Visitor: 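Take this structure, written in structure tokens, and hold onto it; I'll ask about it next.
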Amino acid sequence: MLELREVSTVFNTRRGTVHAVNGVSFDVPAGRMVGVVGESGCGKSVTVRSVIGLIRPPGRVTGGQALFEGHDLLAMRRRELRRVLGARIGFVGQQPFASLNPVLSIEEQFANLVWAHRPRAKRPEIRELALRKLQETGIAGPERVLRGYAHQLSGGMAQRVLIAMAMAFDPALLIADEPTTALDVTVQRQILDLIRRLLAGGDRSMLLVTHDLGVVAQYCDAVVVMYAGKVVEKGPVRDVFRRPRHPYTAALLRAVPRPGQRIKGLGGTLPDLVDYPGGCPYAARCERASEVCGAVAPEVERVREREVSCHHPALEEGTARVAAQA
Amino acid sequence: MSLLKLEGITKTFTSPGGRTVYAVNGVDLEIEEGETVGLIGESGSGKSTVGRLAIRLLEPDAGTVTFAGRELGGLAPRALRRARSEFQIVFQEPFESLDPRLTIAAIVAEPLINFSPALGRAERRTRVLEALEAVRLPAAFADRHPGDLSGGQQQRVGIARAIVARPRFVVLDEPTSSLDLTVRAAMLELLADLQETLGLAYLFISHDIQTVRYFCRRTAVMYLGRIVELGTTQQVIEAPKHPYTQALLSATLSVDPDERPPHYPLRGDIPNPTQLPPGCPLVGRCPLAIPECEAAPIALSAVGDGHLAACLRAGEALPATAAALGGTS
Amino acid sequence: MTAIAAPAKRTNPLWPFIFKRLLVIPPALIVLVTLSFLLVSLVPGDPAYLILGDHATPDQVAKVHAQLGLDQPWLDRYLSYLGAVLHGDLGESFSTGQPVRTQILSLLPNSLVLILPGIAAAVLIGTVLGGVAAYFRRRMPDRVASLVITSTQSIPDFFIGLLLILIFYFHLHAAPPPIGALGTDTVRPEQITGSLALDAVLSGNWDAVRSIMGHAVLPVLTLGIFFSSYFAKTVRSSMTQSLASPHVEFARAIGLREGTAIGYAFHSARTPILTYAALLFGSLLGGVAIIETVFAWPGVGAWALDGVLKGDIPVIQGFVLFVGILTLFVYLALDVVVMALDPRVRIG
């Protein structure tokens with residue numbers, strides 16, 4: 001469905017060129033939910049924004065392809081890309097309120113969305129579509145919501161409105177950037193269940209960016225772990241989380257508080273993205289690092305559906321089992 | 001005698017529409033010397049407000065706060081100011097709670113200037129460096145500014161500032177929520193060490209159940225200004241008796257993809273706090289609600305040894321409805 | 001269909017707010033009148049000499065003082081002034097003898113011919129400059145626009161005026177000479193209201209209208225250029241922020257046209273622009289004096305300035321009072337408009 005090949009993005013700042021994304025490749029197959037995880041500075045949000053053309057100067061996509069339905073999104077002209085966005089690809093952002101325009105009614109925002117893709121649509125059709133989509137997201141009283149404004153909605157309802165807008169044209173791919181970070185735990189669960197329900201039955205895919213490993217574990221089929229702008233590990237969620245091969249993935253899992261286990265943090269800091277180190281970016285903090293790690297960038301090792309980019313990955317079977325059993 | 005005792009604490013605000021909002025509504029809580037008590041809740045639960053009431057950053061509209069046997073409300077302003085050296089707070093957003101124009105040393109020294117004005121410059125500097133060492137920041141940071149530091153480092157400065165005056169009690173308001181996962185662990189480790197060496201008691205306020213479970217010995221769960229369940233962490237989180245706690249815990253997501261406990265959703269969204277009915281605040285969303293629940297507020301009653309829940313049907317299992325109940329308003 | 005970038009106007013329950021603000025006006029007016037009265041004591045010189053000339057005898061001076069009521073006790077003068085004002089009588093100019101009120105009312109429209117288009121021009125130029133700077137942040141267009149903004153900020157208004165005259169009149173012969181609103185070869189419109197601008201329109205003297213408009217171009221341009229920098233900076237800073245905000249980003253992410261997204265971003269600059277435009281109006285009522293002087297424009301600013309220089313007390317008092325009242329109402333209108341535009345306030 002969506003194939004990323006060696007996507008790279010930089011930002012020109014006063015300090016220098018920040019290499020935010022460095023040759024990221026992964027796939028989102030049809031009918032699958034893929035989660036991209038990493039901590040701040042790993043480049044997951046920038047990657048996703050690069051794919052849908054939201055990177056503006058001083059940022060620039062410097063290379064790679066993003067193949068979607070036979071076309072490379074990164075090579076498309078603005079006008080063609082706009083036809084795809086909102087219609088074939090839906091987007092849900094992090095801060096539900098902030099994504100909604102504060103001065104336009106919800107209906108007016110829906111109208112703008114529909115007109116951007118169906119310029120001749122009439123108001124009654126738009127209302128009907130909007131009401132239907134709002135109902136599908138479980139909002140009771142959609143007429144009132146439609147007439148109202150963003151500030152009158154709770155966080156959960158605002159996010160439902162955004163999801164309704166994202167799904168307005170039955171997109172093949174839904175991209176969500178931290179969709180539940182700003183929401184309460186119970187609301188988060190509702191929203192994620194809703195998303196899963198809406199994507200079920202059909203070949204629809206989802207690309208979910210989050211820092212919350214629990215969300216990925218429970219909702220995603222596959223996971224992509226990023227660090228300092230590179231993919232360090234990816235594969236089916238179950239495999240990766242129970243038998244992580246990359247030391248960073250293992251460190252992430254060790255840092256999740258679990259009863260009866262001491263959590264372990266990670267010392268050190270991210271490498272300087274301006275003065276990007278040669279070799280493996282994780283070398284400075286890695287417990288398994290050796291000389292080659294600092295000098296040579298690791299190759300990608302592919303075993304069935306799993307990929308890991310490390311000079312000393314944990315072996316496939318048995319050894320270095322660092323994810324504890326529940 | 002407990003170190004901190006909150007009795008019947010209530011705090012109201014007036015909404016823009018002129019209605020009264022009970023941010024905190026009759027909260028009783030005791031914290032012993034050297035203990036860590038967790039306070040869990042979602043938005044609107046009042047947990048942050050309780051934290052501020054506990055150290056008298058806010059004045060309660062009713063109820064008393066007693067610290068080490070002295071009732072804080074009865075103290076003259078001067079005496080209260082002096083007493084403040086014994087209880088401090090660490091805020092959620094490290095960057096916002098540190099003055100960007102001051103050096104780290106100046107920030108950490110502020111409580112000393114306030115509480116121990118007799119200290120000389122040199123002595124103050126020593127104490128500041130001690131505090132920085134205790135939070136594992138290099139002494140060189142003392143002359144830098146908050147803007148030069150990472151989020152985790154800034155949070156450590158906040159902690160250094162909180163402990164420099166050698167308090168006995170620290171309120172931690174979501175201390176790790178804005179930090180990355182791998183930084184959190186180091187922070188929690190640090191907080192645990194400090195507790196041991198300095199004999200601190202903590203009130204750990206968080207919406208992150210997994211962290212509270214890991215870190216706190218006792219836990220209280222709040223909903224719309226009331227404590228609905230209270231007990232040891234093991235009791236509250238592993239064997240919850242209140243429907244809200246059960247629902248809340250069931251909504252947390254495990255990192256183990258195979259661990260999928262049943263989800264007990266509550267109907268609807270958190271209601272508007274200005275329109276609360278009398279009786280249990282969960283009425284309208286609770287699958288176990290009966291007419292008696294609406295009649296009058298329900299007090300905490302014992303459901304185990306030191307385990308309290310405010311529910312008439314405490315301990316009954318919630319119906320495990322299909323996860324497709326997306327919730328409507 | 002074109003996308004909606006700004007909300008439609010609705011009827012709104014603002015009346016309580018307006019009413020409360022209107023209540024403030026009478027006390028504010030009393031304060032204004034008092035202040036304008038007191039202002040006079042700061043004016044140096046003796047008006048008797050203004051009227052009689054420098055060689056007046058003490059007798060004549062005393063007679064004039066009696067005529068003008070300047071020999072009365074302070075409180076009496078204040079009360080009689082207050083009474084006169086409440087009747088709409090602002091006195092007569094010491095130097096010309098003309099009733100002040102008539103003078104103001106006939107000269108004001110002429111000034112408005114400069115002030116209103118001038119503010120509009122400033123907003124337009126400023127918005128374009130600021131918008132370009134914000135949209136092309138740190139790239140060439142931003143550098144150019146920012147340079148223009150900084151330059152216009154540092155040049156005094158009269159200098160810009162003179163510069164424009166030099167370029168467009170002397171060298172390019174594109175503009176009419178700066179000798180007032182009409183020029184020498186246009187027939188004066190007949191006196192209906194006493195105001196040149198109004199009379200020209202009311203009497204259907206289109207030659208005069210064209211002439212006035214032609215002569216207004218350079219002064220309006222001067223005002224526009226001079227005051228554009230504040231609007232430009234406001235628009236630049238507000239749009240830089242809003243162009244990066246989540247709702248603008250979201251608009252792009254769902255495929256809205258770039259123009260619509262920019263419209264969304266511009267919205268945040270609306271209130272500051274309106275506010276400053278209103279403030280500018282208040283200050284230009286007097287501040288336009290310099291431009292009027294440079295272009296010999298028969299406006300109320302130049303007239304008031306003249307009065308100040310001569311120590312013509314009724315003129316000064318009348319002008320201060322008039323400008324104060326007008327400004328008060330303009331600010332009220334501003335507050336109402338700003339509140340009306342914010343749906344958070346409208347709907348609640």
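So that the names make sense, note that chain A is the first sequence line, chain B the second, and so on, each numbered from 1. This one's a predicted model, so the numbers in the text were calculated from it and none came from an experiment.
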Visitor: If only atom types and distance count, is the side chain of B:Glu259 paired as donor or acceptor with the main-chain N or O of A:Gln218 below 3.5 Å?
Guide: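 Checking the backbone N and O of A:Gln218 against the side chain of B:Glu259, no donor-acceptor pair under 3.5 Å is found.
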Visitor: Please round to the nearest 0.5 Å and tell me the distance separating atom NE2 of B:His263 and atom CG of A:Asp193.
Guide: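 So the NE2 of B:His263 and the CG of A:Asp193 are separated by 6.0 Å.
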Visitor: Take atom CD in B:Glu238; do more than 12 heavy atoms of anything else shown fall under 6.0 Å from it?
Guide: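 Above 12, so yes.
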Visitor: For A:Asp184 and B:Ser43, indicate whether the former's side chain and the latter's backbone hold a donor-acceptor pair under 3.5 Å.
Guide: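 At least one qualifying donor-acceptor pair exists.
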Visitor: Examine whether an atom of B:Ser250 lies under 4.5 Å from a heavy atom of chain A, and if so say whether it belongs to the side chain, the backbone or both; otherwise answer neither.
Guide: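 The backbone, not the side chain.
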Visitor: Between A:Leu192 and chain B, with a heavy-atom cut-off of 4.5 Å, which part of the residue counts as in contact: side chain, backbone, both or neither?
Guide: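 Answer is side chain: those atoms of A:Leu192 sit under 4.5 Å from chain B.
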Visitor: Does CZ belonging to B:Phe141 count more than 12 external heavy atoms closer than 6.0 Å?
Guide: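 Yes, because the 6.0 Å sphere around CZ of B:Phe141 holds more than 12 heavy atoms from other groups.
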Visitor: Please flag which part of A:Thr186 lies under 4.5 Å from any non-hydrogen atom of chain B: side chain, backbone, both or neither.
Guide: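 Both parts, heavy atoms under 4.5 Å.
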Visitor: With a 4.5 Å cut-off on side-chain heavy atoms, are A:His211 and B:Asp180 touching?
Guide: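 No, their side chains stay 4.5 Å or more apart.
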Visitor: Tell me, yes or no, whether the heavy-atom count around B:Arg260 atom CZ, taken from other residues, nucleotides or ligands under 6.0 Å, exceeds 12.
Guide: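 Atom CZ in B:Arg260 is crowded, with more than 12 foreign heavy atoms closer than 6.0 Å.
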Visitor: Relative to chain A, which segment of B:Arg213 carries a heavy atom at a distance below 4.5 Å: side chain, backbone, both, or neither?
Guide: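 Contact with chain A is through the side chain of B:Arg213 alone.
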Visitor: Does any N or O in the side chain of B:Gln210 come within less than 3.5 Å of the main-chain N or O of A:Val256, such that one atom is a donor and the other an acceptor?
Guide: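 No, because the side chain of B:Gln210 does not come within donor-acceptor range (under 3.5 Å) of the backbone of A:Val256.
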Visitor: State whether the number of non-hydrogen atoms from other residues, nucleotides or ligands found under 6.0 Å of B:Arg136 atom CZ is greater than 12.
Guide: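 Atom CZ in B:Arg136 is packed in, count exceeds 12.
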Visitor: Name the region of B:Leu188, side chain, backbone, both or neither, that has any atom closer than 4.5 Å to a heavy atom of chain A.
Guide: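 For B:Leu188, side-chain heavy atoms alone lie under 4.5 Å from chain A.
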Visitor: Of all heavy-atom pairs between A:Val185 and B:His207, which one has the smallest distance, and what is that distance?
Guide: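 Scanning both residues completely, I find the closest heavy atoms to be CG2-O, 3.9 Å.
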Visitor: Which region of B:Ser150, side chain (C-beta onward) or backbone (N, CA, C, O), has a non-hydrogen atom less than 4.5 Å from a non-hydrogen atom of chain A, or is it both or neither?
Guide: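 Neither; nothing under 4.5 Å.
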Visitor: Find the distance between OG1 (B:Thr182) and CG (A:Leu253) and round it off to the nearest 0.5 Å.
Guide: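 The distance works out to 12.0 Å.
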Visitor: Answer yes or no: is there an ion pair linking A:Arg242 with B:Asp256, defined by an N-O contact shorter than 4.0 Å?
Guide: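 Looking at B:Asp256 together with A:Arg242, the answer is yes, because their closest N to O distance falls below 4.0 Å.
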Visitor: Write down the atom of A:Ala217, the atom of B:Ser254, and the distance for their closest heavy-atom approach.
Guide: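 Where A:Ala217 meets B:Ser254 most closely, the heavy atoms are CB-O, 3.4 Å.
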Visitor: Could you state the interatomic distance from CD1 (A:Ile263) to CZ (B:Phe215), rounded to the nearest 0.5 Å?
Guide: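 Going from the CD1 atom of A:Ile263 to the CZ atom of B:Phe215 covers 9.0 Å.
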Visitor: At their closest point, which heavy atom of A:Val187 faces which heavy atom of B:Glu42, and how far apart are they?
Guide: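 Minimum heavy-atom contact is N-OE2, 4.5 Å.
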Visitor: Looking only at heavy atoms, which two atoms of A:Pro257 and B:Thr211 are closest? And how far apart?
Guide: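 Between these two residues, the closest heavy atoms are CG-OG1, 3.9 Å.
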Visitor: Between CG of B:Leu181 and CZ of A:Arg254, what distance do you get to the nearest 0.5 Å?
Guide: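 It is 11.5 Å, given to the nearest 0.5 Å.
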